[in-house]
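Some notes on the structure that comes next.
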Amino acid sequence: MNRNNDVDSIVIRLAGDSGDGIQLMGSQFAVSTALAGADFATFPDYPAEIRAPVGTTFGVSAYQINLGGGPITTAGDAPEVLVAFNPAALKVSLPLLDKGALILINNDSFTARNLVKAGYDTDPREDGTLNDFQIVTADISHLNLEAVKEFGLSKSEGGRCKNFYALGMLLWMFDRELESVEAWISRRLADQATMRDANIRALHAGHAFAETAEMSANLSQIQLAEADMEPGEYRSITGAEALALGLAAAGELAKTQVMFCSYPITPASPLLHRLTRLAEMGVGTFQAEDEIAAICAAIGASYGGMIGVTSSSGPGIALKTEAMGLAVSAELPLVIVNWQRGGPSTGLPTKTEQSDLYQAVYGRNADTPLPVLSASTSGECFEMAIEATRIAIRHMTPVILLADGYLSNAAEPWRIPDMAAFEPITKNIVPESDDSPQRRAFTRDEKSLGRPWVTPGMPDLLHRIGGLEKDVETGHISYDPANHQRMTDMRAAKIDAVAEFIDDQRIEHGPDSGDIVVVGWGSTYGPIYQATRRTGVSFVHLRHINPLPRNLGEILGRFDKILMPEMNNGQLSTVLRDKLCMETLPFSKVTGQPFLIREIVEKIESLRGDV
Amino acid sequence: MNRNNDVDSIVIRLAGDSGDGIQLMGSQFAVSTALAGADFATFPDYPAEIRAPVGTTFGVSAYQINLGGGPITTAGDAPEVLVAFNPAALKVSLPLLDKGALILINNDSFTARNLVKAGYDTDPREDGTLNDFQIVTADISHLNLEAVKEFGLSKSEGGRCKNFYALGMLLWMFDRELESVEAWISRRLADQATMRDANIRALHAGHAFAETAEMSANLSQIQLAEADMEPGEYRSITGAEALALGLAAAGELAKTQVMFCSYPITPASPLLHRLTRLAEMGVGTFQAEDEIAAICAAIGASYGGMIGVTSSSGPGIALKTEAMGLAVSAELPLVIVNWQRGGPSTGLPTKTEQSDLYQAVYGRNADTPLPVLSASTSGECFEMAIEATRIAIRHMTPVILLADGYLSNAAEPWRIPDMAAFEPITKNIVPESDDSPQRRAFTRDEKSLGRPWVTPGMPDLLHRIGGLEKDVETGHISYDPANHQRMTDMRAAKIDAVAEFIDDQRIEHGPDSGDIVVVGWGSTYGPIYQATRRTGVSFVHLRHINPLPRNLGEILGRFDKILMPEMNNGQLSTVLRDKLCMETLPFSKVTGQPFLIREIVEKIESLRGDV
Amino acid sequence: MPKDFATSQEVRWCPGCGDYAILKAVQKALADVGANPANTAFVSGIGCAARFPYYIETYGFHTIHGRAPAIATGLKLANPELDVWVVTGDGDGLSIGGNHLMHTLRRNVGLKVLLFNNEIYGLTKGQYSPTSRIGTTSPSSPRGSVDAPISPGQFVMGCGAHFFARGVDTDKVGMSDVLRQVHAFTGTAFVEIFQNCIVYNEDVFANFTERKTAADTQLHLKHGEPMLFGENNDKGIRFNQETWSLEVVDATDSLNEVLVHDEGNAIVARLLIDLHLPVAMGVIYRQPAVSFEDAFYAHHPSRMERKKSITDFIRGPSSWTVD
Amino acid sequence: MPKDFATSQEVRWCPGCGDYAILKAVQKALADVGANPANTAFVSGIGCAARFPYYIETYGFHTIHGRAPAIATGLKLANPELDVWVVTGDGDGLSIGGNHLMHTLRRNVGLKVLLFNNEIYGLTKGQYSPTSRIGTTSPSSPRGSVDAPISPGQFVMGCGAHFFARGVDTDKVGMSDVLRQVHAFTGTAFVEIFQNCIVYNEDVFANFTERKTAADTQLHLKHGEPMLFGENNDKGIRFNQETWSLEVVDATDSLNEVLVHDEGNAIVARLLIDLHLPVAMGVIYRQPAVSFEDAFYAHHPSRMERKKSITDFIRGPSSWTVD
Ligand SMILES: Cc1ncc(C[n+]2csc(CCOP(=O)(O)OP(=O)(O)O)c2C)c(N)n1
Ligand SMILES: Cc1ncc(C[n+]2csc(CCOP(=O)(O)OP(=O)(O)O)c2C)c(N)n1
Ligand code: SF4
Ligand code: SF4
Ligand SMILES: [Mg+2]
Ligand SMILES: [Mg+2]
């Protein structure tokens with residue numbers, strides 16, 4: 001690590017026990033960082049167990065932050081600063097570090113018992129394990145308890161301020177202000193005056209301690225470059241937050257309420273939790289008895305005139321596929337959000353993956369096409385939620401929006417959009433005519449092929465819908481062979497028609513043609529962005545996966561090699577071979593972990609060697 | 001129609017009310033045809049309603065038979081003989097006929113009331129509608145009642161013999177013996193002596209009537225060529241029958257019982273019904289509360305050491321996809337049969353389609369590959385059931401076997417196989433070692449990557465399985481990133497390994513290379529077979545769809561154009577583009593009806609024009 | 001007029017099917033109570049019974065197997081002003097759809113659920129169902145079924161139902177009385193209708209549905225009135241505390257011992273459900289409680305109205321400006 | 001020895017979770033009854049409770065959410081000699097898995113079902129569950145839940161259960177007694193275990209599980225014995241026919257009015273299930289009946305043995321020879 005100098009960006013990892021308040025400390029650090037003008041990206045990495053036994057390696061909770069001059073698009077490859085709250089945290093984090101990294105250790109926790117729990121036979125501080133690193137140790141637990149002594153808290157209450165003590169130290173290291181954190185503590189603990197004051201005290205004490213002679217001998221302040229961010233108002237946002245706001249915004253743009261129906265599942269639940277807090281924006285949440293009931297209730301809500309939305313992760317989406325067919329057949333709008341996680345089956349529920357693309361594009365019985373979108377960053381979840389809703393209502397179809405476990409929890413600075421810039425979402429009009437209501441309800445818009453959204457309660461439009469094949473014109477049940485062909489063609493044409501409404505594919509950066517283009521989708525945006533910038537190759541990132549943007553084939557055709565990094569076994573490659581009949585070079589990583597920038601850089605370099 | 005002559009083959013369609021006993025009459029006709037040495041293929045075509053109102057067009061039940069010198073592989077394009085039991089039957093069948101066809105009409109049913117019900121304003125026998133056809137009319141209802149008068153039956157009971165009266169006429173026309181039908185009636189109605197005798201009488205009376213002067217003036221006997229069939233013992237078989245027998249045979253070959261768990265659904269139920277009759281062959285059937293319970297009970301049965309099998313059609317298979325992931329993850333054998341039908345959603349439940357290929361190959365969350373097989377003919381369902389079970393047990397994986405609504409009900413002559421010719425199905429061995437039972441239960445065979453089938457009740461092998469990611473060696477839960485990659489790779493390699501065990505792809509007929517090859521799968525075998533024979537182009541038909549036979553790419557590479565007729569929107573084309581990166585020419589028919597031979601012939605001819 | 005509730009679609013049940021009579025009864029009941037067709041929706045799953053919406057001139061949604069209660073719940077939440085009816089069969093409602101029914105009932109969603117119980121899977125050609133009696137022979141149980149059936153009444157009571165009634169397909173008077181009460185109920189009103197499938201399960205209920213003997217084999221319940229039946233109301237039902245069960249008594253002798261029907265008594269309701277002969281009909285149990293949608297709206301801070309714009313929320317807990 | 005039933009796997013529930021005590025009780029009960037580990041299988045769904053099989057040295061299958069009863073049914077059918085236990089939670093068993101539970105119970109499949117009721121979804125971080133009381137605040141119901149909960153006891157009785165018992169996680173004596181009876185039962189033995197989730201729903205059952213007051217707040221039932229409770233068995237339960245409900249009486253005064261527990265009485269069982277204080281514990285209902293697997297095998301023409309070879313069947317009704 002490049003201490004005592006100005007650096008462009010830096011990667012910090014905080015790690016400790018699940019009970020140590022690491023996630024809180026991390027997100028507060030991120031925000032205070034941002035307030036000082038830095039860009040950042042975070043990666044919360046916590047255990048599968050709810051509350052694993054104290055001191056164990058599988059109970060380690062970590063939070064990685066990459067901050068500095070922008071654009072920062074990933075939480076960073078190798079942490080350059082590690083704050084290790086206990087031996088287990090040290091143990092699991094060490095393999096991630098490059099030589100020379102700075103490790104800040106909480107001495108107090110390195111008891112014989114904790115060393116054993118972490119699986120250390122000897123003390124790593126003394127046995128040479130840390131020789132390649134810069135070590136700074138401090139008795140954080142003890143110092144913190146001293147600092148808050150006067151508040152008369154119990155030992156465990158007092159101990160809970162430790163994360164703010166450590167945060168104080170960090171904030172000094174990066175020369176950040178304490179105000180925003182202080183304000184946050186005051187808000188959050190408004191009705192627990194003692195805890196509030198104790199935490200604020202701990203924060204200041206940590207800051208002061210770092211500034212003192214003893215500490216600053218080993219630890220010096222780091223000046224981060226300011227990010228060169230577009231002017232505007234910013235906030236920190238996770239994917240779940242952005243998607244929740246996006247759905248609410250879509251409802252507002254469509255002048256319709258949003259009914260969100262879901263069943264809890266990792267990592268989809270945060271969206272449900274967020275939406276319960278947006279009730280005053282016309283959002284309702286219904287916790288159904290299972291995933292099937294959830295999508296069915298959403299379909300019912302759409303039938304009733306609200307925007308029905310459901311969300312889950314892979315195993316839950318699997319259960320919803322039969323009902324998706326109904327929504328396709330009945331031509332009702334619906335938004336289905338999939339927060340992908342490691343599989344198959346229960347798999348690695350708290351780890352990220354993007355392996356549900358097959359399921360989204362092809363995973364239904366019969367010829368049942370539907371639009372598939374994908375969000376690339378936490379902030380982009382906002383726009384994609386609006387885009388998904390817009391397509392659902394315009395084409396009267398269910399739409400799948402793919403996100404993943406990483407996006408759900410990862411925070412980044414997000415420029416607050418100007419809502420006036422979004423076009424309203426309009427519904428197809430019921431044709432005025434003497435035709436039967438049934439026919440009027442199935443008179444499709446010529447361009448989008450979307451039918452009008454006729455809902456029970458509207459006078460004079462009584463009609464019946466269902467999952468049996470319908471006459472392409474009258475909407476009545478039809479067993480006619482020729483009609484089935486026409487309906488099958490119409491359903492395909494309707495989804496193809498989406499391409500007429502969406503933006504052309506753009507190249508994120510790099511030359512317009514050349515030897516290599518890297519194609520990504522979803523949360524691999526961050527690492528691919530950096531890797532392609534560093535290597536100067538072209539980067540194309542997909543938000544619309546079905547249908548693909550009309551010009552995609554033409555763009556990709558200008559390159560010799562199409563490299564496709566994916567956190568799955570090559571699923572987007574299948575789609576591109578299928579739809580564009582193009583040879584691609586799949587580059588898979590299926591470990592439950594996001595790509596490192598360097599992994600992609602190396603791959604590009606090795607490809608270049610071949611060229 | 002080429003009357004009074006020997007003909008090579010002929011297509012006959014029987015059509016009447018659901019209550020007229022058409023299906024029975026058809027299947028008996030087929031068998032007696034076969035006994036006389038003809039090859040045949042049948043296509044039962046019945047209404048969606050259980051018992052539609054008498055005389056309506058939507059209540060028409062039909063049975064089409066193509067018979068003669070073989071090989072006969074489809075029920076034929078245009079019927080050359082139509083037996084119309086009532087006006088509605090005439091009305092719906094007429095559009096299928098070519099000019100010159102012979103129509104045998106039951107005069108008695110052409111009442112004013114029935115004409116109205118069928119939607120005829122005037123009598124088609126008199127208004128010129130039938131000018132292009134040869135018409136033979138007979139008062140079948142009335143003649144039949146006369147014939148059975150002496151048995152003192154009620155009018156409705158007596159009327160129920162009508163189908164055998166008509167069958168007698170048909171059998172005379174084709175110079176067939178009455179014995180086999182008589183024997184069948186005697187067996188079926190063993191405990192209803194009067195009905196038995198009345199039906200036999202009707203059969204003979206019809207036969208005699210056709211022979212009499214009045215009739216034979218209009219109707220003359222047709223001599224069919226004898227089929228040039230391989231020597232052996234034959235029977236008539238439908239796909240549901242063959243699949244049931246195949247599962248029982250697989251159990252016998254594996255020396256294991258078969259537990260079939262399913263939930264009724266059209267057109268999958270016939271397999272359940274058949275299997276309930278094979279109990280003494282070690283087959284159990286469990287009618288579960290829904291499709292999810294059905295696959296789960298099958299998984300439980302497999303876990304308990306029996307061969308778990310489940311079956312459904314598209315919407316039901318959709319519900320099973322989550323549990324398939326569990327079987328993949330837990331590495332348990334399982335056979336999943338999909339009798340495809342028209343979709344999306346409830347779609348056209350009684351019509352055939354092959355549109356669940358996407359679902360079979362790609363339709364699960366995560367990277368969850370599994371083998372996909374497909375049966376081409378009714379008889380082949382037998383071998384494919386054995387093949388599916390063999391793969392499931394060898395590789396310890398769920399296997400999807402695709403069939404369809406057409407195969408479920410269509411009968412054909414089937415050469416009874418010699419069971420001694422099938423290799424036994426062997427289970428992977430539990431390694432003798434000092435390793436933990438958990439590790440032993442997950443020690444995979446080197447070539448197939450299948451693990452041993454260790455089941456509760458075995459002493460000293462206690463271990464635990466589940467859907468969380470497992471260590472590739474010990475089988476214990478593992479959250480390790482590198483292990484997840486290894487397991488993902490292993491799961492893919494295991495399914496790829498299936499290709500090492502299966503037969504190479506063969507060319508059904510036609511040159512080894514050239515301008516056009518037609519590639520099919522499933523029940524399109526019949527029409528493609530005929531169309532390629534007639535046009536002399538090469539024909540490749542797939543039984544293994546995932547993985548594909550190793551040499552497939554090489555074979556197809558020798559042709560300029562790959563024509564792919566499918567009863568879906570081009571799904572196998574996607575798979576070939578994906579797996580072989582080959583350009584194909586999809587040729588879709590999605591009408592719920594099988595391809596006609598001529599449709600494919602025309603397509604080939606138009607392609608040839610292009611070449 | 002009942003015929004105002006008929007659609008142009010040809011009714012396609014088997015001739016003689018009990019569904020026809022139920023359709024008539026529902027059309028009549030809707031006309032009687034003056035229902036507004038545009039504000040009425042019928043939601044069904046899959047099965048013969050589930051074809052119902054095609055034949056009734058209101059809004060209608062023929063959905064997928066077993067899921068009608070879940071879809072109807074979403075519809076009712078989206079528009080609580082609607083009268084939402086669910087039509088289901090013993091297979092649709094109690095086999096694949098049991099879970100949704102249970103949760104609908106415990107939540108007390110304002111749906112009117114008509115379960116056509118014919119003790120068979122009609123549409124799929126006659127397999128035994130979860131209400132089929134042990135020993136039912138069918139294509140999937142040629143030697144007779146071995147599964148013990150579920151009692152729809154006991155099941156819905158166990159799920160915390162607030163309204164349970166019964167009717168016979170062809171009993172015009174009884175059915176229209178029940179349907180009117182169903183219409184008036186807030187919360188889940190569940191009706192088991194004994195429906196004759198003449199093709200696959202003919203006359204399974206004949207022992208108590210035959211017109212001739214109905215007076216002796218059916219007990220028509222009325223809240224606050226004694227449980228009397230028989231041609232001259234000469235028989236009654238009494239609770240025997242020794243055996244903890246209901247028994248038939250001669251009402252002329254011991255009228256004072258005859259139970260008076262209290263719709264709110266869940267214990268007696270369960271005894272009535274198990275009564276074999278006579279079979280209890282009419283509203284067996286009714287215990288009004290707040291409906292799910294009422295609780296949902298009462299609790300929703302804005303009653304689903306948009307009180308604030310996205311611009312009021314979008315900043316989150318803190319924001320900063322880059323210029 | 002109980003510890004013979006412990007696996008090498010580290011137990012990963014939150015420190016203080018009620019699941020630990022249940023694990024101990026089950027391990028002890030298996031040791032006590034001399035269960036053969038190789039002939040015992042634990043099948044579970046997904047949830048904190050469902051981690052159970054990893055920690056017990058028998059065969060084990062950690063399956064998918066809600067489906068354990070269906071998988072266990074297949075297992076039991078394939079090998080009826082096994083002791084098959086199902087471990088489930090209030091979410092796993094009563095939310096997503098309600099349908100399978102219902103059908104398992106009505107069929108009376110020989111499974112031993114332990115439902116760990118903590119009135120919350122533990123594993124997914126604390127959302128309210130179908131047994132959570134109205135007003136439960138949770139991440140998905142920050143203003144309190146509005147759904148009326150299901151009563152596990154009433155539900156299983158409604159499904160035609162033949163065995164229903166209750167226990168408290170930390171009550172060693174009561175639990176081991178119940179578990180022994182579960183082990184001995186043929187048919188579905190269903191136990192609701194009140195389990196404390198210290199992280200997301202701490203002490204919801206404290207009003208009757210506190211050791212100090214347990215004698216006054218729990219009614220431990222024994223077949224054939226009067227329903228007495230209290231420090232000195234000085235309180236009893238009586239049936240009030242006026243109100244059709246159970247009530248507490250002073251047992252010293254009116255011992256003769258105190259009900260004697262009859263496990264076979266489904267009506268009293270339902271009253272006991274609804275009793276608020278004291279809360280009824282132990283075997284509340286037991287009415288043995290033939291199990292599904294016994295009926296299945298008794299009915300299966302060959303008891304699943306292969307009596308005939310495929311070659312005996314393959315010809316079908318008629319065949320012919322081509323030479
Ligand atoms: C997912 C799914 N599974 C199975 C079916 C097949 N299916 C249609 S209706 C039905 C049962 C019908 O029985 P019931 O609900 O009693 O209605 P009935 O026909 O007797 O009125 C079944 C199994 C289906 N359509 N969809
Ligand atoms: C198909 C599916 N849906 C949802 C989930 C997420 N999930 C896992 S456990 C659980 C609920 C757990 O609650 P409960 O059964 O009460 O068990 P507890 O954790 O409280 O012991 C849920 C919703 C899942 N794993 N799979
Ligand atoms: S099969 Fe039975 S339930 Fe279905 S329409 Fe026919 S008679 Fe009615
Ligand atoms: S979350 Fe609750 S139920 Fe789950 S392990 Fe922790 S304390 Fe136990
Ligand atoms: Mg039914
Ligand atoms: Mg729980």
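Here is how names work: the chains are called A, B, and so on, in the same order as the sequence lines, proteins then strands, and each is numbered from 1.
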(request) Between chain A and each of B/Gln593, B/Gln340, B/Glu469, B/Lys320, count heavy-atom pairs under 4.5 Å; write down the option with the most. (result) B/Glu469
(message) Heavy-atom pairs under 4.5 Å with chain A: which of B/Lys351, B/Met582, B/Gln359 has the most?
(response) B/Gln359
(message) Looking at every heavy atom in both B/Tyr358 and A/Tyr362, which two are closest together, and how far apart are they?
(response) CB-O, 3.3 Å
(message) To check you understand the geometry: which heavy-atom pair defines the closest contact between B/Pro349 and A/Leu468, and what is its length?
(response) CD-CD2, 3.9 Å
(request) Sort B/Arg491 into side chain, backbone, both or neither according to what part of it lies under 4.5 angstrom from a heavy atom of chain A. (result) side chain
(message) As an exercise, state the distance from OG1 of A/Thr488 to CG of B/Asn568, rounded to the nearest 0.5 Å.
(response) 10.0 Å
(request) Could you grab the distance from atom CG of A/Asp578 to atom CD of B/Gln571, nearest 0.5 Å is fine? (result) 10.0 Å
(request) State, to 0.1 Å, how close A/Ser345 and B/Ser329 come at their nearest heavy-atom pair, and which atoms those are. (result) CB-CB, 3.9 Å
(request) Name the member of A/Pro481, A/Pro369, A/Gly363, A/Gly314 that forms the most heavy-atom pairs with chain B at distances under 4.5 Å. (result) A/Pro481
(request) Ignoring hydrogens and angles, state whether a donor on the side chain of A/Ser355 or B/Asp367 is under 3.5 Å from an acceptor on the partner side chain. (result) no
(request) Using a 4.5 Å cut-off on heavy atoms from C-beta on, say whether the side chain of B/His484 contacts that of A/Glu353. (result) yes
(message) For a quick test of reading the model, state the closest non-hydrogen atom pair linking A/Leu348 to B/Ser478 and the distance between them.
(response) CD2-O, 3.7 Å
(message) Looking only at heavy atoms and a cut-off of under 4.5 Å, which of B/Gly592, B/Gly316, B/Cys581 has the most pairs with chain A?
(response) B/Cys581
(request) Measure the CD-CG distance between B/Glu322 and A/Leu319 for me, rounded to the nearest 0.5 Å. (result) 4.5 Å
(request) With a 4.5 Å cut-off on heavy-atom pairs, point out which of B/Gly342, B/Ser573, B/Gly343 contacts chain A the most. (result) B/Gly343
(request) Name the region of A/Ile292, side chain, backbone, both or neither, that has any atom closer than 4.5 Å to a heavy atom of chain B. (result) side chain
(request) Check B/Pro315 against A/Asn365 and note the closest heavy-atom contact, atom names and distance. (result) N-ND2, 3.4 Å
(message) So which residue, A/Gly466, A/Ala360, A/Gly347, ends up with the most heavy-atom pairs under 4.5 Å with chain B?
(response) A/Gly347
(request) Please determine, among B/Val361, B/Asp356, B/Val590, the option with the most heavy-atom pairs under 4.5 Å with chain A. (result) B/Val590
(message) Heavy-atom pairs under 4.5 Å with chain A: which of B/Pro344, B/Ala327, B/Ser313 has the most?
(response) B/Pro344
(message) Quick check on B/Gln354 against chain A: is it the side chain, the backbone, both or neither that has a heavy atom closer than 4.5 Å?
(response) neither
